[in-house]
Amino acid sequence: NDTTGTTTGINEKSNTKLIVSPNPSTNIINIQSSSYEQITYDIYNSLGSIVSTGKCFNQIDISKLPIGSYVLLLTDKNNKKHTSAKFLKE
């Protein structure tokens, strides 16, 4: 088995610190990250389904999401580094 030069498709996990506030929230979550560029985000519900996706700098409108627990996944502009955080919608 020669695996030289094989690419797995697994992206690197970032060491970027991510703070989501307020948590819990009702309308807007603020994103504080050591990355100051525009980021792509995906929001997953407790079943693992994507319920929202988009691009932002430091705020995400969650007002249309049902009450519940979510995971926010941020991806850098090169689609390589991922950072995640949990938040509650009230």
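Across all their heavy atoms, Ser63 and Asp61 have their closest contact at OG-OD1, 2.7 Å. Nearest heavy atoms, Asn45 versus Val51: ND2-CG1, 3.6 Å. Across Thr53 and Tyr41, no two heavy atoms sit closer than the pair OG1-O, 3.0 Å.
Hydrophobic clustering of Ile, Leu, Val, Met, Phe, Trp and Tyr side chains at less than 4.5 Å, counting indirect connections, unites Leu73 with Ile50. Put simply, Leu65 and Leu72 are part of the same group of oily side chains (I, L, V, M, F, W, Y) that touch within less than 4.5 Å, one to the next.
By the 4.5 Å heavy-atom criterion applied to side chains, Pro22 and Asn30 are counted as neighbours. For the pair Cys56/Ile39, a side-chain contact is recorded, criterion being any heavy-atom separation below 4.5 Å from C-beta on.
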Practice item. List the steps, then state whether side-chain contact (heavy atoms from CB on, under 4.5 Å) holds for Leu74 with Thr40. Key: CA-CA 6 Å; Leu74 303 180; Thr40 300; over 6 Å; no
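The distance from atom CD1 of Ile29 to atom NZ of Lys89, rounded to the nearest 0.5 Å, is 10.5 Å. Here the straight-line distance linking atom CG of Asn23 with atom CD of Glu90 works out to 9.0 Å at 0.5 Å rounding. We find the CG-CD1 distance between Leu88 and Ile67 to be 10.5 Å, quoted to the nearest 0.5 Å.
Here Phe87 pairs with Tyr70 under the ring-ring contact (aromatic ring centres under 6.0 Å, His included) rule; sequence neighbours left out.
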